[in-house]
Amino acid sequence: MAFPRQRPRRLRSSETLRAMVRETTLAPSDFILPLFAMPGRGERREVPSLPGVFQLSVDQVVLEAKRAADAGVPSVILFGLPEHKDALGSSGWDENGPVAKSVRAIKDALPGMIVMTDVCMCEYTDHGHCGVLAPGRAGRVDVDNDKTLELLVREALCHARAGADVVAPSDMMDGRVSAIRRGLDSNSLAMTPILSYASKFASAFYGPFREAADSAPQFGDRRSYQMDGANLREAMREIELDLGEGADMILMKPAMPYLDVIRAARDRFGVPMGAYQVSGEYSMLQAAFEKDWLERDRTTLEVLMSMRRAGVDFIVTYFAKEAAKLLAK
């Protein structure tokens, strides 16, 4: 049946009618706010390449978590900036480090908030790579996959013992999910879920994050462990392997340049999955807003809606508080 009997515009005639037939929804409960925890008190240092994002001492982390909760955002994910860095990243499992202290402080102040922690070594190593260094192929230095697993387990245990609701390994080492799962289960933490960064591509969009987390590699890059951006089938394999090892949820990053990966994963896997709208995605939008090239409010929500429409259940985004307030209007 064709025009004139079929007129799709009939269902677009008012906001109420458009809302009634809307296929995809966006709500504050879909968002997870990243926070960068550092030592000290009363510290609040804006990241130049991430307008509106700060490196925060523990007391300020709690303040930001409260603001997020007031806006309706139910979860945060924590990244750490330690006082000390070394070749192994030993501050990553410091029970008195900024992440563990922030977990305890948030749970004390906001017991209902879901506190997630990033589990990776790059923020804690003096070389900026995501694990233990060892000689690699052709004489090049590389990350020793199997030796790194033990360190990731120690970090995940530290966070879980502090009270983290979810641990989220982002390192892209083979076998990390099964190692962390065994470590949690054998330490009376069998009910701690794992959110695996199962599909994490080696991307140019991570630049501002590395400034925020002080985690840029001091030499080389991370392409020997993060995925090639051309490989969709490999992403599905990584997700399948992590689920088989015991991941409860998966996270894909970057988000907007990889919406096809999100759609493919949603069509194939029936598990909770999220996307990380990474720092470069956020910063390029902020630059466009600053120059009045894009309408801020509509663009912010449109981009986030694209991720939900592609199939994710939740979104890690620096826009979490702002977007939640827009949705409340």
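All figures in this text were calculated on a predicted structure; none of them were measured in a lab.
For Phe79, the ring pair (Phe, Tyr, Trp, His ring centres under 6.0 Å) partners two or more places apart in sequence, or in a different chain, are Phe36, Phe209. Partners of Phe314 under the ring pair (Phe, Tyr, Trp, His ring centres under 6.0 Å) rule, at least two apart in sequence or in another chain, do not exist in this structure. Applying the side-chain contact (heavy atoms from CB on, under 4.5 Å) rule to Glu302 yields no partners; only residues at least two apart in sequence or on another chain are considered. Every residue meeting the side-chain contact (heavy atoms from CB on, under 4.5 Å) condition with Asp228, not counting sequence neighbours, appears here in chain and number order: Ala230, Asn231. In terms of the side-chain contact (heavy atoms from CB on, under 4.5 Å) criterion, residue partners of Arg9 (sequence neighbours excluded) are, by chain and number, Arg12. Tyr197 is linked by a ring pair (Phe, Tyr, Trp, His ring centres under 6.0 Å) to nothing, counting only residues two or more places apart in sequence or in another chain.
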Before you tell me yes or no, could you show the steps for Val271 and Ile239 under side-chain contact (heavy atoms from CB on, under 4.5 Å), namely the whole-Å CA-CA distance, both residues' side-chain angles and the distance that decides it to 0.1 Å?
CA-CA 10 Å; Val271 299; Ile239 292 170; 5.8 Å; no

I would like to know whether Tyr225 and Asn145 meet side-chain contact (heavy atoms from CB on, under 4.5 Å); could you show each step before the answer?
CA-CA 9 Å; Tyr225 42 102; Asn145 188 98; over 6 Å; no

Can you check side-chain contact (heavy atoms from CB on, under 4.5 Å) on Ile106 and Leu78, steps first, answer last?
CA-CA 11 Å; Ile106 294 172; Leu78 300 176; 4.1 Å; yes

Does the pair Met121 and His129 meet the rule for a side-chain contact (heavy atoms from CB on, under 4.5 Å), with working shown?
CA-CA 7 Å; Met121 307 313 302; His129 280 281; over 6 Å; no

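Within 6.0 Å of the CZ atom in Arg233, the count of heavy atoms belonging to other residues, nucleotides or ligands does not exceed 12. Within 6.0 Å of atom CZ in Arg263, more than 12 heavy atoms from other residues, nucleotides or ligands are found, so the atom counts as buried in its surroundings. Environment of CZ in Arg67: crowded, with over 12 heavy atoms of neighbouring residues, nucleotides or ligands closer than 6.0 Å.
Contact annotation: the side chain of Met227 approaches that of Ser199 to within less than 4.5 Å [non-hydrogen atoms, C-beta and beyond]. Taking the side chain as every heavy atom from C-beta outward, Leu184 and Leu157 approach each other to under 4.5 Å. Between Glu240 and Arg268, some side-chain heavy-atom pair lies under the 4.5 Å cut-off. Side-chain contact between Lys253 and Ser170 is absent, with no heavy atoms from C-beta onward closer than 4.5 Å. By the 4.5 Å heavy-atom criterion applied to side chains, Phe54 and Arg45 are not counted as neighbours. With a 4.5 Å cut-off on side-chain heavy atoms, Pro34 and Val316 count as touching. Contact of the Glu155 side chain with the Tyr124 side chain is registered, since non-hydrogen atoms from C-beta on lie closer than 4.5 Å. The side-chain heavy atoms of Pro257 and Glu281, taken from C-beta on, include a pair separated by under 4.5 Å.
Of all heavy-atom pairs spanning Val312 and Ile315, the tightest one is CG2-CG1, 3.9 Å. Shortest non-hydrogen contact noted between Gly131 and Thr125 is O-CG2, 4.3 Å. For the residue pair Ala247 and Val177, the shortest heavy atom distance occurs at N-CG1, 3.4 Å. The two residues Val119 and Ile180 make their nearest non-hydrogen contact at CG1-CD1, 4.4 Å. The minimum heavy-atom distance between Gln226 and Ala202, with the atom names listed, is OE1-CA, 3.4 Å. Residues Pro208 and Val47 approach most closely at O-CG1, 4.3 Å, considering heavy atoms.
Neither side chain, Glu43 nor Ser57, offers a donor N or O lying under 3.5 Å from an acceptor on the other. No hydrogens or angles considered: a donor-acceptor pair under 3.5 Å links the side chains of Arg176 and Ser196.
Interatomic distance, Met249 CE to Met116 CE, rounded to the nearest 0.5 Å: 4.5 Å. Considering CD of Gln55 and CG of Leu35, their distance stands at 12.0 Å, rounded to 0.5 Å. Once rounded to the nearest 0.5 Å, the distance linking CG of Leu251 with CD1 of Ile194 reads 14.0 Å. Atoms OH and CE, on Tyr258 and Met252 in that order, are 13.0 Å from each other to the nearest 0.5 Å. We find the CD1-CG distance between Ile250 and Asp248 to be 11.5 Å, quoted to the nearest 0.5 Å. Distance CE/Met113 to NZ/Lys107: 9.0 Å, rounded to 0.5 Å.
For residues 153-177, there are no ring pair (Phe, Tyr, Trp, His ring centres under 6.0 Å) pairs, not counting sequence neighbours. Residue pairs meeting the side chain to side chain donor-acceptor pair (under 3.5 Å) criterion with at least one partner in residues 23-36, sequence neighbours excluded, are Asp30-Arg308. Contacts classified as side chain to side chain donor-acceptor pair (under 3.5 Å) and involving residues 201-211 (residues at least two apart or in different chains) are given here: Ser49-Glu211. Sequence neighbours left out, the pairs with a member in residues 184-193 that pass side chain to side chain donor-acceptor pair (under 3.5 Å) are Arg161-Asn187, Arg181-Asp185.
At distances below 3.5 Å, not a single donor-acceptor pair connects side-chain atoms of Gln277 with backbone N or O atoms of Pro254. Looking at Arg266, its side chain does come within 3.5 Å of a backbone N or O of Phe269 through a donor-acceptor pair. Judged by distance alone, with hydrogens and angles left aside, the side-chain atoms of Glu123 form a donor-acceptor pair with the main-chain N or O of Gly80 at under 3.5 Å. Using modelled atom types, one side-chain atom of Ser75 and one backbone atom of Ile114 make a donor-acceptor pair closer than 3.5 Å.
Leu33 and Val167 fall into different hydrophobic clusters, where Ile, Leu, Val, Met, Phe, Trp and Tyr are joined by side-chain heavy atoms under 4.5 Å apart, directly or via other members. Hydrophobic clustering (side-chain heavy atoms under 4.5 Å, transitive across Ile, Leu, Val, Met, Phe, Trp, Tyr) keeps Leu189 apart from Leu195. Under the 4.5 Å side-chain contact rule for hydrophobic residues, Leu110 and Leu63 do not share a cluster.
Salt-bridge check for Arg44 with Asp59: failed, with every basic side-chain N at 4.0 Å or more from each acidic carboxylate O. Salt-bridge check for Lys200 with Asp171: failed, with every basic side-chain N at 4.0 Å or more from each acidic carboxylate O. Salt-bridge annotation for Arg18 and Glu15: present, with a side-chain N of the basic residue lying under 4.0 Å from a carboxylate O of the acidic one.
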If you look only at distance, which donor and acceptor atoms sit under 3.5 Å apart when one is on a side chain in residues 92-103 and the other is two or more places apart or in another chain?
residue	atom	partner	partner atom	Å
Asp94	OD1	Asn96	N	2.8
Ser102	OG	Pro98	O	2.7

Cut-off 3.5 Å, no hydrogens considered: what does the side-chain donor-acceptor table look like for residues 320-329, sequence neighbours left out?
residue	atom	partner	partner atom	Å
Lys321	NZ	Glu64	OE1	2.5
Glu322	OE1	Arg296	NH2	3.0
Glu322	OE2	Arg296	NE	2.7

